[in-house]
Every structure is written in structure tokens, then in C-alpha cells.
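Below is one structure, written out as C-alpha cells; comments come after it.
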Amino acid sequence: MGVSYHHCLQATYVSPHMALPYQRLYVNIDHVATLRQARRGSTPDPVAAATVCERAGADGITAHLREDRRHIQDDDITRLAATVTTLLNLECAITDDMLRLAETLRPAQVTLVPERREEITTEGGLDVVRHETAVRAAVTRLKQVGIRTSLFIDPDEAAVRLSQAVGADAIELHTGTYAHHPGSAAPLQALRSAAALGAALGLAVHAGHGLSVDNVGPVAAIPEIEELNIGHAIVGRAIFIGLDAAVREVREAMDEAREADRF
Ligand code: PXP
């Protein structure tokens, strides 16, 4: 598989005169459900929020059905599958129940994530090395019914290579370390290297976690990243400026980053 890290970085040089390809924004609406679940009622409805996001320019909707059902519920996923007019990205752990649900509802994309009940949010990438057999089996199962598969991984060379080896269509690079260490160069460099390697291996490259209008620029500017998944910051910002404006604001920041210094 003769693609070296060095080779990738050289091979993916993008001329400043070339515009970067359009980058998709998928909005994660989990935390609309978090607010609803605070009262166990019916509002605010994440499915209605998804429609607002789509009207504001979201290219897709992401929802994470956690095993503990702390925010998104099964019924939300069923309704999203029926109403999303863009593309639905179902995030889930590798369990038989989740894979069966995906096979039934057929979202456009499934992003496989690690899940620990005690965590506050998805705290690290999927350990593809340790769980290779299970990840390969899940990817195979989803691909058999035509679902695009993405693996949420840390920006790590071995994880990128193994993601390709198990047959995933895409990787989503965990941007948490980048987001939690503002001003530190190493996490951004790790994302750049992993994105370049993933693209060189033929994987679609996505990224997400902890991104906001304030820190999205440098990640959005990574040429190979074709999709960002952003949730908490958009839903939080919506409290102050509304959901429509919060989506548009991030979209603009992404576009600016991909156009910066290019003409
Ligand atoms: N991508 C994945 C795989 C996630 O698990 C999450 C968090 O649910 C996100 C993106 C979005 O992260 P945030 O809510 O911090 O924007």
C-alpha cells in the first residue's frame, strides 16, 4: 500500500490560485433533543429543527442514537428518516440493535462511533485496531444494503490505514483535541496529515467534534476534508441568534476559510 505520510503531504499541495472544492455542512441536532429530554416532553422537536437547518443551507442532518437514549429517541430517527430532504447521517455504536435499525431505516450514511455510557460526549475515536473484526463486520453489513459508511477515528495513521482496509467509504476525523487546545499546532497538523493520507488512500474525509464559528476556519481550510459535522456550538448559538442564523454563520465561516488567500 505504498502511500507514505510524506508523500501524501506533497501530493496534496493545492495551488493558492485554485478554489477548494465545496465542503458539506452536516448539522448535528442531538442537543435540541437534550433540551426536550430535560422535561421529557415533546418540545423542542429535533425533527422540526432539522427542517430549519436544511432551509438554512445544511447539506445533511446528523443524529446520534445513543444506547442510553439520553437525547435522540428511536422515534426521532424514524421521523428523521421520513422527513429529511437532504441526507441523514445516523451516528451509532456497533451493536446488533443499531445495525438492525440502520438496515430497516436505510439512512444515507452511518457513522460508527465508540460509546461509553459514563462519558459526557463521544470522547475519543473508534479503536479500529482493537475492534477490527467487529468494525469490518459492521461496515460489510451496512454496505450490503447500500449505506455509506464512515468511521469516527482519531487523526492517527494506523487508524486511517485500517479504516481503508476494513472497507469504509469515509473517515470522520475527531477534532476534539484540536478544539480543546486552541493555539497548539500539533493537533491541527495531525488532522492535516490524517486527511491527506485518507484522501490518498481513496477515503472520503469528514471531520467534527467541538467545532464552532470561532475555531472552524483552520479545519475547514484543510483541502481534503469534504464534510464537517457540527452540533453543540450551533444549537448553543441558536439560543442567542436563532437556529437559521446559527447555521448560516457557520456556513459563512467555512466558505471564508476555503476561499481565504485564494483568487
Ligand atoms: N461527529 C461525531 C461523530 C460526534 O459524535 C459528534 C458529537 O455528537 C459530533 C460530530 C458533533 O460534535 P459537536 O456537538 O461537539 O459539534
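Keep in mind that the numbers below use all heavy atoms, side chains included, and drop hydrogens, waters and symmetry copies. Counting starts at 1 for both ligands and their atoms, in listed order.
Residue-level proximity to ligand 1 for N28 is carried by the side chain, the only part with a heavy atom below 4.0 angstrom.
Between H174 and H209, the ring-plane angle classifies as tilted under the 30° and 60° cut-offs.
At a 3.5 angstrom cut-off on N or O pairs, E91 counts as close to ligand 1. For ligand 1, the polar-atom distance check against E172 finds a nitrogen or oxygen pair separated by under 3.5 Å. Between H232 and ligand 1, a contact under 3.5 Å exists for at least one N or O pair.
In this structure a side-chain-to-backbone donor-acceptor pair under 3.5 Å is missing from R237 to I234. Of the possible donor and acceptor atoms, one in the side chain of Q73 sits under 3.5 Å from a partner among the backbone N and O of R69. Judged by distance alone, the side chain of T149 and the main-chain N or O of V110 form no donor-acceptor pair under 3.5 Å.
With salt bridges taken as basic N to acidic carboxylate O contacts below 4.0 Å, one links D59 and R251. Taking 4.0 Å as the cut-off between side-chain N and carboxylate O, R248 and E252 do not count as a salt-bridged pair. Salt-bridge formation is detected for the pair D76/R79: a Lys NZ or Arg NE/NH1/NH2 atom is positioned less than 4.0 Å from an Asp or Glu carboxylate oxygen.
Of all the atoms in ligand 1, the ones that sit under 4.0 Å from a non-hydrogen atom of V113 are 3 (C). If you number the atoms of ligand 1 from 1 as listed, the ones under 4.0 Å from a heavy atom of G231 come out as 13 (P), 14 (O), 16 (O). Within ligand 1, the atoms closer than 4.0 Å to a non-hydrogen atom of G210 are 12 (O), 13 (P), 15 (O), 16 (O), numbered from 1 in the order shown. Heavy-atom contacts of I230 reach the following atoms of ligand 1: 16 (O) (cutoff under 4.0 Å). With ligand atoms numbered from 1 in the order given, ligand 1 contributes 6 (C), 7 (C), 10 (C), 12 (O), 15 (O) to contacts under 4.0 Å with heavy atoms of H209.
Under a 4.0 angstrom heavy-atom cut-off, A233 registers as lying outside contact with ligand 1.
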